[in-house]
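I have placed the structure first, in the form of structure tokens, so that the comments after it can refer back to it.
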Protein chains: 2
Amino acid sequence: MASLDRSIVANVPVLAGLNAADLDTILRDARSVRYPKDSSVFDQGAEAHSFFVLLHGHLRVEKTTPQGQQIVVRYVSAGELFGVAQAMGLKTYPATAIAVVDSVALSWPSKAWPQLIGQFPALAAGALQTVGNRLQDTQARVLEMSSEQVEQRVAHALLRLAKQAGRKVEQGVEIDFPISRQDVAEMTGTTLHTVSRILSAWEQQGLVEGGRQRIVLRDPHRLFGLAENHGKPDGERR
Amino acid sequence: MASLDRSIVANVPVLAGLNAADLDTILRDARSVRYPKDSSVFDQGAEAHSFFVLLHGHLRVEKTTPQGQQIVVRYVSAGELFGVAQAMGLKTYPATAIAVVDSVALSWPSKAWPQLIGQFPALAAGALQTVGNRLQDTQARVLEMSSEQVEQRVAHALLRLAKQAGRKVEQGVEIDFPISRQDVAEMTGTTLHTVSRILSAWEQQGLVEGGRQRIVLRDPHRLFGLAENHGKPDGERR
DNA sequence: GGTGGAATTTGCTCTATCGCAAGCCCACCG
DNA sequence: CGGTGGGCTTGCGATAGAGCAAATTCCACC
């Protein structure tokens, strides 16, 4: 199992820069767990007992306000470190992680973290980068929400999803897990209705192809144009 | 100078958990620099040659879109670590930092970072927490922008500013540095005009007191009510 | 093969907020 | 001490997009 893990773990960015022996040491403390579709890996507000690396599948990370409003913070794909709440100084998870397809993750007890980074500085550096990237993404999202209209934001979101979890199909690029209009709305700060309208319009223009919890980008390039331009109907881009 | 620095640095969270000897070692590589009001500490897109700890003053960190739209990412107060772009794996600064009052910062060459965290794991842990907190704040901001109306967002923003950089005055709590309506707008994803209208209304209700680049919260408690409630005109809060 | 509920689509109305335009006021400069 | 420019206020449309309602489609499961 350790050797199996080692090969799977080979392309986990945060563990890069560690030699085989160190990797073994680290993996010794890990447990591999299966999460069936729609089950939660951890829940917002729960004690942050573990941190994880996703080996297989996709997770949706969502955050809920006291009033019940919800947003999708991000999607986690295989190879990513997640659930590092404790390392960031939190006692509880700030969000909920849900498997959107059957998934498998390695988990470590949070209390092993201080010792691990003491022993393997590369791990700390990796974690810092992971969190740093996440911060960049989130700030970019704030910038988008402040400066772009809904249509552009949706276009950006879909392109990002396609990049992160796109699967080439005959028709274009399909997002590789079930995702509803509601989910897209919660990623872009709008409503289910507006997303539906936008996708319908795009479908008519042959930009995307939709379905129940399914989105295929037929013309990513033209979509990108939409995302960049100020929504100008075409012809007078600057 | 080293001893002066050491006493100032005593309440820098990210350096807590280091003994005097280690602190000396770390401070040996640092330079102390003065940044006059309105000067920039670093610029978005410039090579990330240094990271910093703010000793004195306040900075505004802002990010600009290719199209020129701008947002205020956050304000930095004394004691905070900032400019850690390189540690997060970036080659260039993702934002611009500008002194809003005369300020002083310690700076280290970015290239010293890997060695420092190798030598002092506590430093890595501290940086991770700093960045983690920032991530939490930014995600909270996304949540706010998705779920709240402008008035609530402005209320929240002011309360946060008051907490971070509030100074008690006879009239209430004053934000301890010059901040324009435009700045508040760029923190909350709205426009100068809307912020002005909101503050005017609040001023009439005795909630705040305004001025040129100046905001005093006269009744933080009632403001908090505004921020929490769904903007209900009062009387039917739940 | 039928069926119930979730996901989606779509029309219509309503409004919060933007965008523009104009004028004001104060702090600082010369 | 008057001038001026930056910051602020305010009125008035215009509108993107939210909210509500209802119909439709599509599975998943019986």
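Lettering of chains follows the sequences in order, A, B, ..., and the numbering in each one begins at 1.
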C:dT10 phosphate, OP1 or OP2, under 4.0 Å from A:Ser200 side-chain N/O: yes
So, are [X] and [Y] salt-bridged, with charged N and O less than 4.0 Å apart?
X        : Y        : result
B:Arg74  : B:Glu62  : no
B:Lys91  : B:Glu47  : no
A:Arg160 : A:Glu144 : yes

Can you sort out which residues in residues 59-74 of chain A have a heavy atom within less than 4.0 Å of DNA chain C? Ascending by number, please. none
Run the numbers on A:Met187 and A:Leu161 for side chain to side chain contact (heavy atoms under 4.5 Å, CB included), then give the verdict. CA-CA 11 Å; A:Met187 296 183 70; A:Leu161 281 173; 3.9 Å; yes
Which pairs pass side-chain hydrogen bond (donor to acceptor under 3.5 Å, both in side chains) with one or both residues in residues 198-207 of chain A, sequence neighbours excluded? A:Glu151-A:Trp202
Judged by modelled atom types alone, do B:Gln164 and B:His58 share a side-chain donor-acceptor pair under 3.5 Å? no
Side-chain donor-acceptor pair under 3.5 Å between B:Gln213 and B:Ser180, yes or no? no
Whole-Å distance separating the [atom1] atom of [X] from the [atom2] atom of [N]:
X        : N      : atom1 : atom2 : answer
B:Arg214 : C:dA27 : CZ    : P     : 10 Å
B:Leu199 : D:dT9  : CG    : P     : 7 Å
B:Asp38  : C:dC28 : CG    : P     : 13 Å
B:Glu203 : D:dT10 : CD    : P     : 9 Å

All N/O donor-acceptor pairs, side-chain side in residues 92-101 of chain A, below 3.5 Å, sequence neighbours left out:
| unit_1 | atom_1 | unit_2 | atom_2 | d |
| --- | --- | --- | --- | --- |
| A:Tyr93 | OH | A:Ser50 | N | 3.0 |
| A:Tyr93 | OH | A:Ser50 | O | 2.5 |
| A:Thr96 | OG1 | A:Gln44 | N | 2.9 |

A:Glu174: which of A:Arg218, A:Arg167, A:Lys168 passes salt bridge (Lys or Arg N to Asp or Glu O under 4.0 Å): A:Arg167
Counting primed atoms, P, OP1 and OP2 as sugar-phosphate and everything else as base, the B/S/- map of nucleotides 12-21 of chain C against protein heavy atoms under 4.0 Å is B---SSSBBB
For a quick check, with a 4.0 angstrom heavy-atom cut-off, what is the B/S/- contact string for nucleotides 25-30 of chain D, read 5' to 3'? -BS---
Going by number, which of residues 170-183 of chain B have a non-hydrogen atom under 4.0 Å from DNA chain D? B:Ser180, B:Arg181
Report the distance from atom CZ of B:Arg153 to atom CD1 of B:Ile198, rounding to the nearest 0.5 Å. 8.5 Å
If I take atom CG from residue B:Asn133 and atom CD from residue B:Gln129, how far apart are they, to the nearest 0.5 angstrom? 6.5 Å
Going through the distances and angles, do B:Glu228 and B:His156 end up as a side chain to side chain donor-acceptor pair (under 3.5 Å)? CA-CA 9 Å; B:Glu228 293 307 295; B:His156 270 131; 3.1 Å; yes
Under the side chain to side chain contact (heavy atoms under 4.5 Å, CB included) criterion, do A:Leu106 and A:Leu55 qualify, and how do the steps go? CA-CA 7 Å; A:Leu106 285 178; A:Leu55 292 181; 3.7 Å; yes
